[in-house]
Amino acid sequence: MIKAIVFDLDDTLYDQQRPFRQALISVWNDPAAAGHVLTDLFEAFKHMNDRVAELETLTMTQVFDRLNAVLDNHDLPALSHSVWLSFWDRYQKEAAHISLFKEIREQMELLKEHYELGIITNGETHTQKQKVQRLDLNQWIKSPNTVISDEVGLRKPDPRIFTYFNRLLNLQANEVVYIGDNFERDMVGAKKAGWHAFWFNHRQLDLPKSEFIPDQTIESPAELAELLQAMSVTTY
């Protein structure tokens, strides 16, 4: 029987591409900033974003170099370091105005009545706590139930971060569902820990070759809301 539902944070509970897109377009007024180029840039940025603040591991210059490598793969000219710094400054401002997917927000109160709710997210502690506050998640999710990689010294897809959550709430692995957008970090990590895993594939990515298969695949916020609503009235 499921007793807890745990969410990834970035690009699962809110649209992380929106502030990225707005920031990029503000400094790069080029038609190539739309479509598949933007998608590839965003995927590269998202892959590295949870490590950006750890300058001893990954400097900002390395982040910008990686994004320029994506542009090079599309035969587009690199953007200067100053342009990327302007992008980062604008991204920080845009990210201050994130909001929950409204379809998910509408289900949170009902979910809270039936399940223990939590978050497991990679990232720097202060940054991720700011996002939790901006999304007003503490009205549904107890502060101790938010597990941040930087704070506990474990990072998804390491299954030990999921096991840490089990111990935190005194739950068995098969009593928890994890919902996340990243297949490798979220689905593989959760399944290795013995959890149920729901892939929130709202970017419509191809299913990677893997020995791990999500228990559910959901392709839109509306579809996820329907599933969460069903879980609130039936036993999963």
Side-chain angles (χ1 to χ4, degrees), residues 1-19 49-50 95-152 154 156 161-182 185-187 189-190 193 195-202 214-236:
M1 180 177 173
I2 300 301
K3 296 182 179 179
I5 298 175
V6 184
F7 296 91
D8 169 50
L9 181 60
D10 295 315
D11 216 36
T12 293
L13 287 172
Y14 74 97
D15 182 358
Q16 192 181 17
Q17 191 178 92
R18 186 206 62 79
N49 187 56
D50 67 327
H97 302 288
I98 56 176
S99 59
L100 280 178
F101 285 113
K102 68 179 183 64
E103 296 92 341
I104 298 176
R105 171 178 284 275
E106 291 167 357
Q107 301 302 320
M108 294 298 283
E109 195 64 38
L110 187 59
L111 287 175
K112 182 183 174 183
E113 294 178 12
H114 295 273
Y115 299 98
E116 194 77 33
L117 300 180
I119 293 170
I120 297 178
T121 176
N122 284 357
E124 188 269 334
T125 302
H126 176 70
T127 300
Q128 299 306 87
K129 283 187 175 180
Q130 271 193 332
K131 293 173 186 176
V132 168
Q133 184 177 12
R134 288 166 182 163
L135 294 170
D136 202 21
L137 288 166
N138 286 331
Q139 63 178 303
W140 304 293
I141 301 173
K142 301 169 188 173
S143 293
N145 292 7
T146 296
V147 175
I148 302 171
S149 64
D150 184 55
E151 200 165 39
V152 301
L154 297 165
K156 297 179 298 183
I161 196 169
F162 298 91
T163 304
Y164 176 91
F165 189 95
N166 288 344
R167 292 197 300 269
L168 194 68
L169 272 71
N170 193 28
L171 294 168
Q172 300 297 314
N174 62 3
E175 294 176 328
V176 194
V177 165
Y178 190 67
I179 300 171
D181 70 294
N182 185 281
R185 288 199 296 266
D186 299 330
M187 298 300 97
W195 287 25
H196 301 276
F198 295 175
W199 188 25
F200 185 30
N201 185 27
H202 62 109
D215 297 281
Q216 299 274 0
T217 297
I218 309 103
E219 295 191 343
S220 71
E223 190 179 340
L224 177 57
E226 288 179 9
L227 177 60
L228 294 174
Q229 185 177 46
M231 292 181 66
S232 297
V233 297
T234 61
T235 302
Y236 183 83

Practice task
Find the distance between CG (Leu13) and CZ (Phe200) and round it off to the nearest 0.5 Å.
Solution key: 8.5 Å
Problem - Test item: His196 side-chain N/O and Glu175 main-chain N/O as donor-acceptor pair under 3.5 Å - result: no
Exercise for the section: Can you see which heavy atom on Ala4 is nearest to which on Leu171, and at what distance? Expected result: CB-CD1, 3.6 Å
Exercise for the section: Verify the distance criterion only: is there a donor paired with an acceptor across the side chains of Asp10 and Gln128 at less than 3.5 Å? Expected result: yes
Handout entry: Step-by-step ring pair (Phe, Tyr, Trp, His ring centres under 6.0 Å) determination, Phe162 to Tyr178
Key = CA-CA 9 Å; Phe162 298 91; Tyr178 190 67; 5.1 Å; yes
Handout entry: Any donor-acceptor N/O pair, Asn122 side chain to Lys156 backbone, under 3.5 Å
Key = yes
Problem - Distance (rounded to the nearest 0.5 Å) between Phe165 CZ and Thr146 OG1 - result: 8.5 Å
Exercise for the section: Side-chain contact test, heavy atoms from C-beta onward, threshold under 4.5 Å: evaluate it for Leu137 versus Leu9 and give yes or no. Expected result: yes
Exercise for the section: Please check if the side chain of Tyr115 supplies one atom and the backbone of Met231 the other of a donor-acceptor pair under 3.5 Å. Expected result: yes
Exercise for the section: Ignoring hydrogens and angles, state whether a donor on the side chain of Thr217 or Asn201 is under 3.5 Å from an acceptor on the partner side chain. Expected result: no
Practice task
Might you work through the side-chain contact (heavy atoms from CB on, under 4.5 Å) test for Val6 and Leu117, ending with a clear yes or no?
Solution key: CA-CA 6 Å; Val6 184; Leu117 300 180; over 6 Å; no
Practice task
To the nearest 0.5 Å, tell me how far Ile119 CD1 sits from Ile179 CD1.
Solution key: 11.5 Å
Practice task
With the side chain counted from C-beta on, respond yes when Ile5 and Glu116 share a heavy-atom pair under 4.5 Å apart, and no when they do not.
Solution key: no
Exercise for the section: Please tell me if the side chains of Thr121 and Val147 come closer than 4.5 Å, counting only heavy atoms from C-beta onward. Expected result: no
Practice task
Look at atom CD of Gln133 and say whether more than 12 heavy atoms of other residues, nucleotides or ligands are closer to it than 6.0 Å.
Solution key: no
Practice task
Answer yes if the side chains of Gln17 and Asp11 hold a donor-acceptor pair under 3.5 Å, and no otherwise.
Solution key: no
Handout entry: Minimum-distance pair of heavy atoms, taken over all atoms of Ala190 and Ala197
Key = CB-CB, 4.1 Å
Handout entry: Least distance between heavy atoms, Ile161 atom then Ser149 atom
Key = CD1-CA, 4.1 Å
Practice task
Could you pull out the closest heavy-atom pair between Leu135 and Trp140, with the gap in Å?
Solution key: O-CZ3, 4.4 Å
Completion exercise
Between the CD atom in Glu223 and the NE2 atom in His202, the distance rounded to the nearest 0.5 Å is 12.0 Å
Exercise for the section: Verify the distance criterion only: is there a donor paired with an acceptor across the side chains of Trp199 and Gln216 at less than 3.5 Å? Expected result: no
Exercise for the section: State, without any angle test, whether Asn166 and Trp195 hold a side-chain donor-acceptor pair at a distance under 3.5 Å. Expected result: yes
Problem - Atom NE2 of His114: over 12 foreign heavy atoms under 6.0 Å - result: yes
Exercise for the section: Indicate yes or no: does Arg185 engage Asp8 in a salt bridge with an N to O separation below 4.0 Å. Expected result: no
Practice task
Look up atom NZ in Lys112 and atom CD1 in Ile141, then write down how far apart they are to the nearest 0.5 Å.
Solution key: 10.0 Å
Exercise for the section: Please report the closest heavy-atom contact between Ser232 and Leu111, naming both atoms and the distance. Expected result: OG-CD2, 3.3 Å
Problem - Separation between NZ of Lys129 and CZ of Arg134, rounded to the nearest 0.5 Å - result: 14.5 Å
Practice task
Return yes if a side-chain donor-acceptor contact under 3.5 Å exists between Thr125 and Glu151, otherwise no.
Solution key: no
Problem - Residue Gln172 excluded, over 12 heavy atoms near CD under 6.0 Å - result: no
Completion exercise
For Ser143 and Asn138, the nearest pair of non-hydrogen atoms, with its separation, is OG-OD1, 3.7 Å
